[in-house]
Each structure stands twice: as C-alpha cells, then as structure tokens.
Engineer: 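Below is a structure I'd like to ask you about.
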Amino acid sequence: MISKEDFIDWKKNPVTEALFQGLAEKIKDGMIELSYTAGEDTSQDKYKCGMIHAYRSVLQIEFEDMGGEDA
C-alpha cells in the first residue's frame with residue numbers, strides 16, 4: 001500500500017505528468033478518428049470507445065481508487 005503523500009508525489013512527477021499528457025492526446029486523437037469513421041464498423045466503434053474510456057479512467061484516478069485510506 002502507498003501513502004497519500006506518495007500518491008500525490010507520483011501524480012506531480014514529471015514522468016507521470018508526461019504520461020497523462022500522452023493519454024490526453026490519445027483521447028483527443030481517438031475522438032477525432034471516431035468522428036470520421038463511426039458507423040463503418042460497429043465492433044471498431046466499440047473498441048475505440050472502450051479505449052477512450054480506459055484512458056479517461058487512468059486520468060481520473062484518485063488515491064481512494066488505489067485502496068488508500070487517509071491516515
């Protein structure tokens with residue numbers, strides 16, 4: 001288990017910030033691609049929507065989601 005302080009430090013880490021920026025770009029790119037291809041292949045539409053949702057889930061992660069408890 002990690003402490004809340006460690007989690008906050010991780011979120012502020014430049015590597016984490018770069019990762020989150022990359023995920024934000026993937027979300028944007030996925031939305032743009034989906035806007036052009038939606039309806040051509042519904043299984044691909046679902047896959048792309050699932051990936052966008054997964055990336056958003058990572059960006060929205062909170063300490064409590066990690067099983068952390070305030071001390």
Side-chain angles (χ1 to χ4, degrees):
M1 170 133 359
I2 65 169
S3 69
K4 188 168 189 170
E5 185 175 280
D6 287 341
F7 180 80
I8 292 168
D9 289 344
W10 172 76
K11 293 259 311 215
K12 291 181 180 179
N13 185 289
V15 174
T16 306
E17 289 177 350
L19 169 69
F20 280 24
Q21 181 61 39
L23 292 174
E25 284 294 316
K26 287 191 169 286
I27 291 168
K28 185 179 106 184
D29 293 346
M31 289 174 20
I32 290 169
E33 182 180 344
L34 193 56
S35 75
Y36 284 104
T37 63
E40 293 175 2
D41 181 340
T42 56
S43 65
Q44 280 297 305
D45 293 350
K46 291 177 185 178
Y47 175 80
K48 291 172 188 172
C49 287
M51 291 303 296
I52 291 168
H53 179 75
Y55 294 145
R56 282 183 177 153
S57 293
V58 174
L59 293 180
Q60 295 170 350
I61 195 163
E62 297 293 335
F63 177 69
E64 293 75 19
D65 299 331
M66 307 277 299
E69 300 175 8
D70 290 327

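All of these numbers come straight from a predicted model, not from anything done at the bench.
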Engineer: Could you measure the distance from the CE atom of M51 to the CG atom of D29? Nearest 0.5 Å is fine.
Structural biologist: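 So the CE of M51 and the CG of D29 are separated by 12.5 Å.
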
Engineer: Do side-chain atoms of S57 reach the backbone of H53 as a donor and acceptor pair under 3.5 angstrom?
Structural biologist: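 At least one qualifying donor-acceptor pair exists.
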
Engineer: Is I8 reachable from I61 through a run of I, L, V, M, F, W or Y residues, each pair having side-chain heavy atoms under 4.5 Å apart?
Structural biologist: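 No, no single cluster joins them.
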
Engineer: Counting C-beta onward and ignoring hydrogens, is there a side-chain heavy-atom pair between F20 and K11 closer than 4.5 Å?
Structural biologist: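 Answer yes - side chains close enough.
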
Engineer: Using a 4.5 Å cut-off on heavy atoms from C-beta on, say whether the side chain of V15 contacts that of L19.
Structural biologist: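 No, every pair of side-chain atoms sits at 4.5 Å or beyond.
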
Engineer: How far does CZ of F63 sit from OG of S3, to the nearest 0.5 angstrom?
Structural biologist: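 Here the interatomic distance stands at 6.5 Å.
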
Engineer: With rounding to the nearest 0.5 angstrom, report the CD to NZ distance, E33 to K26.
Structural biologist: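 So the CD of E33 and the NZ of K26 are separated by 10.5 Å.
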
Engineer: How many angstroms lie between CH2 in W10 and CD in E17, if you round to the nearest 0.5 Å?
Structural biologist: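 The CD atom of E17 is 11.0 Å from CH2 of W10, to the nearest 0.5 Å.
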
Engineer: Search all heavy atoms of D45 against all heavy atoms of T37 and return the closest pair with its distance.
Structural biologist: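 Scanning both residues, the minimum pair turns out to be OD1-O, 3.9 Å.
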
Engineer: To the nearest 0.5 Å, how far apart are NZ in K48 and CE in M31?
Structural biologist: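 The distance works out to 13.5 Å.
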
Engineer: To the nearest 0.5 Å, tell me how far I52 CD1 sits from L34 CG.
Structural biologist: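 Here the rounded value is 5.5 Å.
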
Engineer: Tell me the closest heavy-atom pair linking D6 and I2, and the distance in Å.
Structural biologist: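 Looking at all heavy atoms of both residues, the closest pair is CB-CB, 4.3 Å.
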
